[in-house]
Amino acid sequence: MTLTVSIITLNEEKNLARTLESVKKFADEIVIVDSGSTDKTEEIAKNFNAKFYFQKWLGYGPQRNKAIELASSEWVLNIDADEEISEELAKKIADIKDDKNDKIDVFKINFMSVCFGKKIKHGGWSNSYRIRLFKKNSGRFNENNVHEEFITNSHIGKINEYILHHSYSDLEDYFTKFNKYTTLGAIEYYKKNKKASLVSIVLNPIYKFIRMYFFRLGFLDGLEGFILAITSSLYTMVKYYKLKEIYRNNAYIKEGFKNGD
């Protein structure tokens, strides 16, 4: 059986070559759906003979589905441009796609985060599983703009070998993504009519820090573990505060319309 690696991109010249290098031995096809890169993303993709398509940004779930639709293989490995397939996982995937007797159509794969150049093994940053390998017709991602999930009725297998997620190269990279994802998360919560409260803005972040740093042993990752526990707690606070701002601004706009402003 053949396998397509599907990737969505936007200005990924720092990451893409590493990702494509890690899949080239087992991928029969590479499909990249780009939402308007202005750097060398397309040039790098074509150096690896990837099929490169432009698609105006639809949101994470729909954008991933677009890349899946363009795949011509029976198997699809859906990954991000900042993810790297470990050598052990590459061998496992090659075995799965060549096994004609395997009756499992969907697999969730183990993740290990790499932050600031270091593998982060604790604090909830690793040993989490996400569906990334599947038969093309076995399901689709939901329509979420962020935190999208793969929806399937098939039995889900489990692969313990790692995808290495190069989450943040440095603090500047972290806070750029921090601002982006807190905004997207707040918008998603607003669509679901969730509310921002004092508990969600103040107490939840405190609990999150304690859970990540102490209960999930984040302190074993040294300074990086401490920084991630602190900033992740702030992430929760900022996301809920942005949600509060969305409600406030919408109320202001509606009041303005009412008064004829």
Side-chain angles (χ1 to χ4, degrees), residues 1-10 12 15-16 19-36 41-42 45-46 48-86 88-111 128-165 184 188 191-192:
M1 298 181 187
T2 58
L3 181 145
T4 296
V5 173
S6 66
I7 307 173
I8 58 175
T9 58
L10 176 64
E12 290 287 357
N15 293 309
L16 189 57
T19 300
L20 297 180
E21 186 69 32
S22 74
V23 304
K24 69 179 185 179
K25 289 183 179 179
F26 61 83
D28 300 290
E29 176 185 59
I30 300 172
V31 169
I32 294 178
V33 173
D34 186 84
S35 53
T41 295
E42 183 173 5
K46 291 183 175 178
F48 284 85
N49 297 315
K51 297 178 180 178
F52 195 86
Y53 301 90
F54 170 76
Q55 171 61 58
K56 184 179 178 180
W57 182 245
L58 302 171
Y60 281 96
Q63 199 81 355
R64 288 187 192 277
N65 288 334
K66 181 64 177 180
I68 294 168
E69 290 168 10
L70 291 167
S72 63
S73 302
E74 185 172 3
W75 281 103
V76 175
L77 174 67
N78 180 261
I79 57 174
D80 290 335
D82 60 356
E83 294 170 359
E84 178 185 4
I85 304 303
S86 65
E88 296 80 6
L89 178 58
K91 294 175 183 176
K92 182 70 174 180
I93 292 173
D95 289 341
I96 289 172
K97 83 165 191 172
D98 292 335
D99 185 359
K100 297 179 181 179
N101 297 317
D102 195 332
K103 297 181 180 180
I104 300 177
D105 292 342
V106 178
F107 289 92
K108 58 182 179 180
I109 302 176
N110 201 1
F111 271 70
S128 61
Y129 288 78
R130 305 170 203 171
I131 295 175
R132 289 302 181 84
L133 178 64
F134 44 83
K135 297 279 184 69
K136 180 178 178 179
N137 297 320
S138 62
R140 284 293 183 273
F141 285 91
N142 61 20
E143 297 296 307
N144 287 5
N145 288 325
V146 65
H147 301 310
E148 68 286 359
E149 295 181 1
F150 189 82
I151 307 301
T152 181
N153 292 320
S154 300
H155 174 71
I156 301 173
K158 190 175 181 180
I159 298 176
N160 293 320
E161 289 80 2
Y162 286 107
I163 288 178
L164 298 171
H165 181 204
L184 290 173
E188 196 67 36
K191 289 179 179 178
K192 295 177 179 178

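- In this structure Y60 satisfies the ring pair (Phe, Tyr, Trp, His ring centres under 6.0 Å) test together with W57, sequence neighbours excluded.
- Taking the side chain as every heavy atom from C-beta outward, Y129 and N160 approach each other to under 4.5 Å.
- The heavy-atom pair separating I104 from G157 by the smallest distance is CG2-N, 3.6 Å.
- Evaluation of the salt bridge (charged side-chain N to carboxylate O under 4.0 Å, His left out) test over residues 26-35, restricted to residues two or more places apart or in two chains, returns D28-K97, E29-K51.
- Among the candidates I85, L77, L20, N78, the single residue satisfying the side-chain contact (heavy atoms from CB on, under 4.5 Å) test with V5 is L77.
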* Evaluation steps, side chain to side chain contact (heavy atoms under 4.5 Å, CB included), between I7 and I79 -> CA-CA 6 Å; I7 307 173; I79 57 174; 3.9 Å; yes
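- Of the possible donor and acceptor atoms, none in the side chain of S22 sits under 3.5 Å from a partner among the backbone N and O of E84.
- Here the straight-line distance linking atom CD1 of I93 with atom CG of L133 works out to 5.5 Å at 0.5 Å rounding.
- Among residues two or more places apart in sequence or in another chain, the salt bridge (Lys or Arg N to Asp or Glu O under 4.0 Å) test is passed with K46 by E42.
- Residues satisfying the salt bridge (Lys or Arg N to Asp or Glu O under 4.0 Å) test with E83, not counting sequence neighbours, are R132.
- In this structure a side-chain-to-backbone donor-acceptor pair under 3.5 Å is missing from Q55 to A67.
- Partners of R140 according to the side-chain hydrogen bond (donor to acceptor under 3.5 Å, both in side chains) rule, which considers only residues two or more places apart in sequence or in another chain, do not exist here.
- With values rounded to the nearest 0.5 angstrom, F107 atom CZ is found 10.5 Å from S138 atom OG.
- A search for side-chain hydrogen bond (donor to acceptor under 3.5 Å, both in side chains) contacts involving K135 returns D105, not counting sequence neighbours.
- Not one N or O on the side chain of S6 forms a donor-acceptor pair closer than 3.5 Å with the backbone of I68.
- Residues that satisfy the side-chain hydrogen bond (donor to acceptor under 3.5 Å, both in side chains) test with N65, not counting sequence neighbours, are absent from this structure.
- Taking CD of E143 as the reference point, atom NZ of K191 lies at 10.0 Å (rounded to 0.5 Å).
- Every side chain to side chain contact (heavy atoms under 4.5 Å, CB included) that F54 has, sequence neighbours left out, goes to K56.
- Residues satisfying the salt bridge (Lys or Arg N to Asp or Glu O under 4.0 Å) test with K24, not counting sequence neighbours, are E21.
- Within the model, atoms OG of S72 and CG of L3 stand 10.5 Å from one another, a figure rounded to the nearest 0.5 Å.
- Put simply, the side chain of E161 does not reach to within 4.5 Å of the side chain of N110, judged on heavy atoms.
- Listed for the K136 side chain is a donor-acceptor partner under 3.5 Å among the backbone atoms of A71.
- Between E12 atom CD and T19 atom OG1 the span is 7.5 Å, to the nearest 0.5 Å.
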* What's the verdict on side chain to side chain contact (heavy atoms under 4.5 Å, CB included) for N144 and E149, showing C-alpha distance, side-chain angles and the deciding distance? -> CA-CA 8 Å; N144 287 5; E149 295 181 1; 5.7 Å; no
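- How far CE of M1 is from CD1 of I96: 12.0 Å, rounded to the nearest 0.5 Å.
- Under the side-chain hydrogen bond (donor to acceptor under 3.5 Å, both in side chains) criterion, N142 pairs with no residue at all, not counting sequence neighbours.
- Residue T41 forms a side-chain contact (heavy atoms from CB on, under 4.5 Å) with just one option from N15, L10, T9, and that option is T9.
- Contact record, Y162 with L89: O-CD2, 3.3 Å, taken as the closest heavy-atom pair.
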* Full working for side chain to side chain contact (heavy atoms under 4.5 Å, CB included) between L70 and T4 -> CA-CA 9 Å; L70 291 167; T4 296; over 6 Å; no
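- Remark: F150 pairs with F134, F141 by the ring pair (Phe, Tyr, Trp, His ring centres under 6.0 Å) rule, at least two apart or across chains.
- Counting only residues at least two apart or in different chains, salt bridge (charged side-chain N to carboxylate O under 4.0 Å, His left out) contacts with residues 61-72 comprise R64-D80, R64-E148.
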